[in-house]
Amino acid sequence: MVRVRTNLIESIRECTGAQRAGARAFYRARRLEEKADRKPWEDDDC
């Protein structure tokens, strides 16, 4: 059992599997776009 003081709760969110999948796809596409925009000398894959 976990107890939390109600005055410490700021918000409650619920995510569906579809929402989490959409967020992962968005961040994956964003990373790929940022990587494509880098100059060859900016790679940090060393």
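Hydrogens, waters and symmetry mates play no part in the numbers below; they use all other heavy atoms, side chains included. Numbering starts at 1 and runs along the sequence shown.
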Suppose we screen for side chain to side chain contact (heavy atoms under 4.5 Å, CB included). Which residues come up paired with I12, at least two apart in sequence or across chains? I9
Sequence neighbours excluded, which residues qualify as side chain to side chain contact (heavy atoms under 4.5 Å, CB included) partners of T16?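 Residues passing side chain to side chain contact (heavy atoms under 4.5 Å, CB included) with T16: A18, Q19.
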Across all chains, not counting sequence neighbours, the salt bridge (charged side-chain N to carboxylate O under 4.0 Å, His left out) partners of R30 are E34
Apply salt bridge (charged side-chain N to carboxylate O under 4.0 Å, His left out) to E33 and list each qualifying residue two or more places apart in sequence or on a separate chain. none
Pairwise salt bridge (charged side-chain N to carboxylate O under 4.0 Å, His left out) hits with a residue in residues 4-27, at least two apart: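 Salt bridge (charged side-chain N to carboxylate O under 4.0 Å, His left out) check on residues 4-27 returns no pairs.
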Nonpolar side-chain network containing F26, other nodes, edges under 4.5 Å: Y27
